[in-house]
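Next up is a structure, given as structure tokens.
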Amino acid sequence: MIELDPVYDPKKYETKCWNAWMKGGYFHAPVDKSKKPFTILMPPPNVTSQLHMGHGTSYTVQDILVRWRRMQGFNALWLPGTDHAGIATQMMVEKAIQTEEGKTRQELGRPEFEKRLWAWKEKYGGMITEQFRRMGFSCDWERECFTMDQGPSKAVRAIFVDLYRAGLIYRGERLVNWDPALKTAISDDELEMKEVTGALYHIKYPLADDPATTITVATTRPETMLGDTAVAVHPDDERYQHLIGKKIKLPLVGREIPIIADDYVKSEFGTGAVKITPAHDPNDFEIGKRHKLPFINIMNADATMAANVPERFRGLDRFVARKEVIKALKELDLYEKDESTRHAVPHSERSKAVIEPRLSLQWFVRMKELAGPAIEVAQTGKLKFYPDAWKKTYLHWLENIQDWCISRQLWWGHRIPIWYCADCEGISTGLEDPTKCEHCGSAKIKQDEDVLDTWFSSWLWPISPFGWPENSEDLKYFYPTDVLVTASEIIFLWVARMVMVGLKTRGDVPFKDVYIAATVCDKQGRKFSKTLGNGIDPLEVIEKHGTDAIRWTGTALAPLGGRIRMEVGDFESGARFVNKIWNASRFLLKYVDPKKPLKKLVASELTLPEKWLLEELASASEHINKCLEQYRINEAVERMYHLIWGSFCDWGLEVAKETLNGADEKAKEQTISVLVYVLEGIMRLASPVMPFVTEEIWSHLPVHPQWERGPSLVVSSYPDAAKLMRFPEAAADWSSFQELVTGIRSIRSQAGVPPKDQLDAFSYSATTRQADLFKKETALVKRLAGLRELHVAVQGAQRKGPALVYVGKGFEVYIPAEGIMDVAKEVKRLSSEATRVEKIVAGLQAKLGNENFVSRAPEDVLASTKAQLENMAAQLASLQKNLASLQG
RNA sequence: GGGGGCAUAGCUCAGCUGGUUAGAGCGCCUGCCUUACAAGCAGGAUGUCCGCGGUUCGAAUCCGUGUGCCCCCACCA
């Protein structure tokens, strides 16, 4: 007898299991050419972030896949790491220093601020990976990597230098998305467009030579007029033909600016005349270039008005300036009106500030050339998306790709490896810091102040942790990786860029499959977010229900793609399931004598229930493996649930109680052996999803001769249906047996027979095979259905007096029920049953009567339809006969 | 404005390449403390598979269309 605790206490076992795994080094995956690698790159979370439900679900998927492949014998590597997250981290630290010391980063100075950043990273960094350990994530923790570690930093410089020398990185003065709060440029992909209600202001611009004549322009940002260098109309616009080429005297400023014609202008919008501010609007920027207009930057880095605007506005915040400009125009009687308008305004994803387009000198990556091959691999299927629909999103972005602004005016990140020469204006670069200008040899060189966009290091994730630019053994062995599991939001920011750089540097995709995980939402379908405060804290769930419960519920709820709506209560089902597994195991182990070796299973000696249970294990294994191969994790998990709860517990163990509590020692020995064998198979199947409870149970299981025994469940072999015992015919017999039991239970229960009442039942089968089967299992049926006696016969069904009847597939069963049955109720039940079957029969008859169906439907469909009709017709006849006898 | 997705039981959703008596979990109803588990067991009810049209011998499944939600992309000032 082996005894387990009466309740499974996650806290008691999780740490113990984890420590054993770590001690065993089972998750470490060094290069091993005797095995096939299976690799997943962990999307590196921000180094200072906290575990949230998004990690809880999508990282669990990764862990399940890795654990499953590991058990299948692959050299499974899940590579963990963290991202320095430039903007996010810098914002946090700046804020902390501001509140604690009342200082800005500028006041501290760059070297000191950088020191603080690293100190912060040391203090708060890595908390997330600690939390990942609590989730049981089987990463190769020895390989944990940070994007600002030496290796990845070197890779960043190497790729920069390569692309720069190849002409794919260039420096240019462009209009960029300027975040005035953070005072840095950001890329197009870090914008958030928000629909807002604003006003469209109509302003009159007087002609220079004829101030009485005005042209009205419409704008949502009046303050930018201070930087206007033209007014544009459509070349074909009748209303303005006579004005094209004339000059305007810009109000408030006094500058003379031309009226130009450009077909970008939509005559039907606003007044059909547009003010042109090339330094503060992307469209105007293009027009400015086309018409060679001056570019006047009228704002400072923090979006206050610059020194080159009239004194009245100087230093004002742009939104204050807006009001002030309107006021000034009103004073001049040049303000016409405003009308309300809905329009999209770009905001900074990070700081939430309204983006100000700003002319500045930045570094860019030319993307078109890199995008080509990345498009091709998706089209040819070398790169696959799950679900496939995301491929379109990916392709659409790549096909319309814009150059990528990679320089950031931040202090946290990889410094741009570019040095400017004071003597010759030459630019130097290199993997190592150059000491002199590569053009004139001058020592007066200075490194670029800016750092690189965080994603400029993230896109190297498939190669940098493996030692690129070295052609390392790791790289040769693990690249390309197998699957990337990530969120749809970063298909552009990250996925597409990894593909581009992977193809560029290695000539092959960085991963073959991209699995887009479901978004985690609350019950109202709103994304979990900090600001809404609608999230669920995984740590609280773990605290309450344990890690296996959160892992199970999270994946069971998560279909491929789409969204998961969850609430705290959902995790109870996981906890209940874990407890069920524990209790079932506890029950079985009570009957196990650890000193007595288990019996090898011999097919010819097995009983029907034993064969059936073994078949259940095998067919579930087949199904689960197939689902996992197709990333249908929730289906795999659902099958585990039904195997364990429905098959193993509700039937397997219930049936076995007969033998376990019986006197036949030999039968008992065999049943125990079968059950332990199946339980071990189940533990293996479920281990990737619920690693802790399965490991703990497994450690108590006696050694079965048909399972190899390793040091831990996590490195034991995963069940492979091809190698398991199969009994397909047992499954068919079993379903008759099962129908007999549930049929009897059902009529008893519906007739209100108390469970304790032991009744007699008479069953009549259509075939001797079935009758023999029922005879053989009589004892079981009696116990499971609460009978005193079961009389089995072939054919010749006869009701003797009032009886409850159940009509099943190939049999009918009677329970004489004189005195306890309500005849009227029974008639009602039987007739509604008869009506139901009648409909089915009619449907099948119509189908088979249809010449077209008979001639065109495939053989097997036709055959099964015929068999179905035969069976249903028999049932119907039986029902009608019984009805008649009841009524008559 | 462009693109994508979704609509199946009271709720959350499965249902893969068209052929099932349309399923699961939770919830609900009835009866059971049956010596693993009341976090349990047994039984039960519930669906114009969003509307309309089409393809087909056959449609929840494919096509079109309407409606209602959701997401992503986008420079109409």
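Hydrogens, waters and symmetry mates play no part in the numbers below; they use all other heavy atoms, side chains included. All chains are named by letter (A, B, ...) in the order of the sequence lines, taking the proteins before the strands, and each is independently numbered beginning at 1.
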Side-chain N or O of A:R576 less than 4.0 angstrom from OP1 or OP2 on B:rC26?
->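 Affirmative; the distance criterion is met.
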Name the residue closer to the 5' end of RNA chain B, choosing between A:S585 and A:S573 according to the nucleotide with the nearest heavy atom.
->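 The answer here is A:S573.
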Should A:S746 be listed as having a side-chain N or O under 4.0 Å from OP1 or OP2 of B:rG44?
->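 Checking B:rG44 against A:S746, a side-chain N or O does come within under 4.0 Å of OP1 or OP2.
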State, without any angle test, whether A:K275 and A:T277 hold a side-chain donor-acceptor pair at a distance under 3.5 Å.
->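 Side chains of A:K275 and A:T277: pair found under 3.5 Å.
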Quick one: is A:K657 getting a side-chain N or O under 4.0 Å of the B:rC41 phosphate, OP1 or OP2?
->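 A:K657 to B:rC41 OP1/OP2: no side-chain N or O under 4.0 Å.
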Among the nucleotides B:rU21, B:rA14, B:rC41, which one has an atom lying closest to any side-chain atom of A:E635?
->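 Of B:rU21, B:rA14, B:rC41, B:rA14 is nearest to the side chain of A:E635.
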Would you say A:Q868 reaches B:rU21's phosphate, i.e. side-chain N/O to OP1/OP2 under 4.0 Å?
->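 Checking B:rU21 against A:Q868, a side-chain N or O does come within under 4.0 Å of OP1 or OP2.
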Hey, is the side chain of A:K580 pairing donor to acceptor with the base of B:rC37 inside 3.5 Å?
->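 Result: at least one qualifying N/O pair found.
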Exam field: side chain A:R322 to backbone A:R221, donor-acceptor pair closer than 3.5 Å |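 No; zero donor-acceptor contacts below 3.5 Å.
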Interatomic distance, A:M1 CE vs B:rU35 C1' [rounded to whole Å] =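 For the pair A:M1 CE and B:rU35 C1', the rounded distance is 12 Å.
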Mark yes or no for whether A:S647, through its side chain, and A:I644, through its backbone, hold a donor-acceptor pair below 3.5 Å.
->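 Checked: no pair found.
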Has the side chain of A:N583 got a donor or acceptor atom sitting under 3.5 Å from an opposite partner on the base of B:rC37?
->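 Result: no qualifying N/O pair found.
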In whole angstrom, what separates A:W552's CH2 from B:rG25's C1'?
->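 It is 7 Å, rounded to the nearest whole Å.
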Can you tell me, in whole Å, how much space there is between the P of B:rC75 and that of B:rG64?
->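 Going atom to atom, P in each nucleotide, I get 30 Å.
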Nearest listed nucleotide, side chain of A:P755, among B:rC76, B:rA36, B:rG31 =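 From the listed options, B:rG31 comes nearest.
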For B:rC32 and B:rU17, measure between their C1' atoms and round to the nearest Å.
->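 The answer is 46 Å between these two C1' atoms.
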Send over the distance from A:H396 NE2 to B:rG5 C1', rounded to a whole Å.
->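 Distance check: A:H396 NE2 to B:rG5 C1' gives 16 Å.
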Among B:rG25, B:rG19, B:rG43, which nucleotide sits nearest the side chain of A:T742?
->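 The closest nucleotide is B:rG43.
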A:F269 side-chain proximity, nearest of B:rA77, B:rA36, B:rU20 =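 The listed nucleotide nearest to A:F269's side chain is B:rA77.
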Select base, sugar-phosphate, or nothing to describe what A:K391 touches, counting heavy atoms under 4.0 Å on all strands.
->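 The residue A:K391 makes no contact with any strand.
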With a 4.0 Å cut-off on heavy atoms, is A:P858 in touch with a base, just the backbone sugar-phosphate, or nothing at all?
->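 Contact class for A:P858: base.
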Across all strands, who's sitting opposite B:rC16 as a Watson-Crick or G-U wobble pair, both distances under 3.5 Å?
->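 Paired with B:rC16, as far as the under-3.5 Å criterion goes, is no nucleotide at all.
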So does A:W651 get a side-chain nitrogen or oxygen closer than 4.0 Å to the phosphate oxygens (OP1/OP2) of B:rC41?
->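 Indeed not, no polar side-chain atom of A:W651 lies that close.
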Would you please indicate if the ring centroids of A:F285 and A:F295 are separated by under 6.0 Å?
->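 Ring centroids of A:F285 and A:F295 are less than 6.0 Å from each other.
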Where each residue is assigned the nucleotide of RNA chain B containing its nearest heavy atom, which of A:M193 and A:S267 is assigned the position nearer the 5′ end?
->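 Per heavy-atom nearest nucleotide, the more 5' residue is A:M193.
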Have a look at A:D284 and say if it touches a base, only the backbone sugar-phosphate, or nothing, with a 4.0 Å heavy-atom cut-off.
->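 A:D284: no heavy atom of the nucleic acid under 4.0 Å.
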Has A:R576 got its NZ or CZ under 6.0 Å from the middle of the six-membered ring of A:W645, at an angle within 45 degrees of the ring axis?
->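 The answer is no; the distance or angle limit is not met.
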Quick one: the side chain of A:R586 and the base of B:rC37, do they pair up donor-acceptor inside 3.5 Å?
->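 Flag unset: no donor-acceptor pair detected.
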What interatomic distance, in whole Å, is found between C1' of B:rU21 and the corresponding atom of B:rC63?
->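 To the nearest whole Å, 28 Å.
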Selection from B:rC76, B:rU21, B:rG19 that lies nearest to any side-chain heavy atom of A:Y264 |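 Closest nucleotide to the A:Y264 side chain: B:rC76.
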Between A:W651 and A:R783, is there a cation-pi geometry (under 6.0 Å to ring centre, at most 45° from the normal)?
->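 Geometry flag: not set, cation outside 6.0 Å or 45°.
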B:rA42 - base-pair partner by Watson-Crick or wobble geometry, distances under 3.5 Å =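 Check on B:rA42: paired to B:rU30, both distances under 3.5 Å.
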Begin with the C-alpha distance, continue with both residues' side-chain angles, and end with the deciding distance and a verdict on side-chain contact (heavy atoms from CB on, under 4.5 Å) for A:I298 and A:H280.
-> CA-CA 8 Å; A:I298 54 160; A:H280 289 276; 3.3 Å; yes
For B:rG15 versus B:rA74, give the span between their C1' atoms, rounded off to a whole number of Å.
->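 Taking atom C1' in both B:rG15 and B:rA74, they lie 36 Å apart.
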